[in-house]
Asks: 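Please read through the structure below; I'll follow up with questions.
All values below come from the heavy atoms of this structure, side chains included, with hydrogens, waters and symmetry mates left out. The structure displayed is predicted, hence computed values, not measured ones.
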Amino acid sequence: MSEVLLCKLQVLEEEYAGQPLVVQQADLLEINRIRSQIGMHPVDASLNEIGVAVEEAKPKPKPQHVPDHSKARAIYQAYLKKSEELKAHQEYAERVVKATGGPGPTPVRPLATMGTDGGPLLCDHCGKPIVLEGGRYHGVAADVAWKQNPIGNWTSWILGGVVVEIQLNGTLRIYHGYPGQDTRYCCNAASQKEETAQAEFKSQKSPETFHLLLTFLKHEFPNMTEKERFNLLNEIQNTLYSYDPGIGVNRPSRV
């Protein structure tokens with residue numbers, strides 16, 4: 001019996017929308033009579049069940065604005081690339097400074113063998129090797145002297161002096177001479193040239209780039225402290241936008 005009623009109810013409800021209003025009114029009475037018989041909720045004129053809470057449609061969440069970090073990310077990638085390129089030269093500079101440092105005469109071995117691809121260290125200004133002073137090898141280039149006596153860690157005074165320093169970007173510079181005002185010495189001529197280049201340099205730093213990078217770093221490294229984030233931001237800007245003296249003549253290798 002219930003199956004027959006269900007079939008009749010289904011037909012009435014399916015045809016209900018297409019019926020004239022007078023017929024709908026009569027059909028609605030019949031529909032609700034049948035629904036009552038089989039234990040279903042009555043419906044209204046739109047065939048919505050009466051007494052059943054209609055679940056409200058949840059409002060769709062507004063799409064969140066995702067900032068475009070593509071420009072800042074490109075800057076950061078350029079920073080990583082340049083930092084990686086500089087790393088080998090910076091480590092090399094530290095090794096040379098350590099090997100040639102100390103009071104008194106300079107060790108000959110590093111002067112003769114720590115240049116590019118194992119060659120002699122050359123002056124970054126004139127491109128010539130360091131010359132020894134005094135004793136058996138007076139006036140002889142360090143690499144020539146070392147080939148004649150490649151034994152131990154012997155030292156020598158340097159004819160005309162030598163300056164070993166690390167530049168702003170952490171790379172090595174070797175110069176003949178004694179620091180001062182006399183530009184006949186390579187170190188002073190180079191220093192004067194460097195000062196002029198720095199004075200003429202125009203930094204590409206800007207408030208827009210600073211804000212762009214800071215927003216990116218906050219998004220990319222949320223666990224960084226504020227101090228760490230600003231330190232990284234300054235390092236990025238200094239690496240990419242501050243005066244760059246270049247690599248120099250002496251390198252770990254020609255590649």
Side-chain angles (χ1 to χ4, degrees), residues 82-201 203 235 238-255:
K82 187 167 183 179
S83 295
E84 185 62 27
E85 291 171 351
L86 284 172
K87 184 178 179 181
H89 297 284
Q90 292 167 341
E91 292 174 347
Y92 166 70
E94 292 176 1
R95 292 196 301 271
V96 173
V97 169
K98 183 177 180 180
T100 58
T106 304
V108 175
R109 184 202 296 264
L111 296 178
T113 64
M114 290 192 74
T116 306
D117 289 331
L121 289 170
L122 305 176
C123 174
D124 277 87
H125 183 68
C126 71
K128 297 177 182 179
I130 307 305
V131 179
L132 308 184
E133 178 181 23
R136 174 183 169 188
Y137 299 104
H138 180 80
V140 179
D143 57 318
V144 175
W146 180 255
K147 288 178 182 178
Q148 294 176 15
N149 184 36
I151 300 171
N153 293 313
W154 57 285
T155 62
S156 172
W157 298 106
I158 305 303
L159 187 62
V162 64
V163 173
V164 181
E165 65 180 24
I166 292 180
Q167 280 283 14
L168 293 172
N169 63 355
T171 62
L172 180 69
R173 293 297 185 276
I174 304 287
Y175 298 115
H176 292 115
Y178 298 100
Q181 300 300 319
D182 191 343
T183 55
R184 290 177 298 177
Y185 289 125
C186 290
C187 59
N188 300 324
S191 178
Q192 190 176 83
K193 182 179 178 182
E194 201 70 21
E195 288 176 3
T196 301
Q198 289 189 45
E200 294 175 349
F201 174 76
S203 175
E235 187 178 335
N238 289 336
T239 300
L240 295 179
Y241 305 125
S242 292
Y243 173 73
D244 185 2
I247 300 299
V249 171
N250 300 286
R251 308 180 178 197
S253 68
R254 301 182 194 281
V255 178

Asks: Give a yes-or-no answer on whether the side chains of Glu194 and Tyr243 include a donor-acceptor pair shorter than 3.5 Å.
Replies: yes
Asks: Quick check against the 3.5 Å criterion: does Thr100 have a side-chain atom that pairs as donor or acceptor with the backbone of Leu111?
Replies: no
Asks: Got Pro107 and Asn153 here, is their nearest side-chain heavy-atom distance under 4.5 Å?
Replies: no
Asks: Can you tell me if Glu85 has over 12 outside heavy atoms packed within less than 6.0 Å of its CD?
Replies: yes
Asks: Please tell me if the side chains of Leu86 and Asn169 come closer than 4.5 Å, counting only heavy atoms from C-beta onward.
Replies: yes
Asks: Check step by step if side-chain contact (heavy atoms from CB on, under 4.5 Å) holds for Leu172 and Val164.
Replies: CA-CA 7 Å; Leu172 180 69; Val164 181; 3.9 Å; yes
Asks: Is the backbone N or O of Arg254 less than 3.5 Å from a side-chain atom of Thr116, with the two atoms forming a donor-acceptor pair by type?
Replies: no
Asks: Given 3.5 Å as the limit, does a donor-acceptor pair link the side chain of Arg173 with the main chain of Ile247, or not?
Replies: yes
Asks: Looking only at heavy atoms, which two atoms of Leu132 and Ala145 are closest? And how far apart?
Replies: CD1-CB, 3.6 Å
Asks: Checking Thr239 side chain against Glu235 main chain: does a donor-acceptor pair fall under 3.5 Å?
Replies: yes
Asks: Just so I know, are the side chains of Glu91 and Lys87 near enough to count as touching, which here means a heavy-atom distance under 4.5 Å?
Replies: yes
Asks: Is the shortest side-chain heavy-atom distance between Asn250 and Leu122 below 4.5 Å?
Replies: yes
Asks: What are the two closest heavy atoms between Ser156 and Glu133, and how far apart are they?
Replies: OG-O, 3.5 Å
Asks: Do the rings of Tyr185 and Tyr178 sit parallel, tilted or perpendicular, given the 30° and 60° boundaries?
Replies: perpendicular
Asks: Could you pull out the closest heavy-atom pair between Tyr175 and Gln167, with the gap in Å?
Replies: OH-NE2, 4.1 Å
Asks: Mind listing the closest non-hydrogen atom pair of Asp143 and Ala112 along with its distance?
Replies: CA-CB, 3.5 Å
Asks: So do the side chains of Thr155 and Thr106 get within less than 4.5 Å of each other, counting heavy atoms only?
Replies: no
Asks: Side chains of Tyr137 and Asn149, heavy atoms from C-beta outward: is any pair under 4.5 Å?
Replies: yes
Asks: Rounded to the nearest 0.5 Å, what's the gap from CD1 on Ile166 to CD on Gln90? Could you check?
Replies: 9.0 Å
Asks: In sequence, state the C-alpha distance, the side-chain angles, and the governing distance for Ile158 and Val131, and then conclude on side-chain contact (heavy atoms from CB on, under 4.5 Å).
Replies: CA-CA 6 Å; Ile158 305 303; Val131 179; over 6 Å; no
Asks: Which atom names give the shortest non-hydrogen contact between Asn188 and Asp182, and what distance separates them?
Replies: ND2-O, 2.8 Å
Asks: Got Glu165 and Cys187 here, is their nearest side-chain heavy-atom distance under 4.5 Å?
Replies: no
Asks: Can you confirm whether Ile130 sits close enough to His176 that some side-chain heavy atom of one is under 4.5 Å from a side-chain heavy atom of the other?
Replies: yes
Asks: Identify the heavy atoms of Leu168 and Pro245 that sit nearest to each other, and give their distance.
Replies: N-CG, 4.5 Å
Asks: Look only at the side chain of Arg109 and the backbone of Gly152, and say whether a donor-acceptor pair between them is shorter than 3.5 Å.
Replies: yes
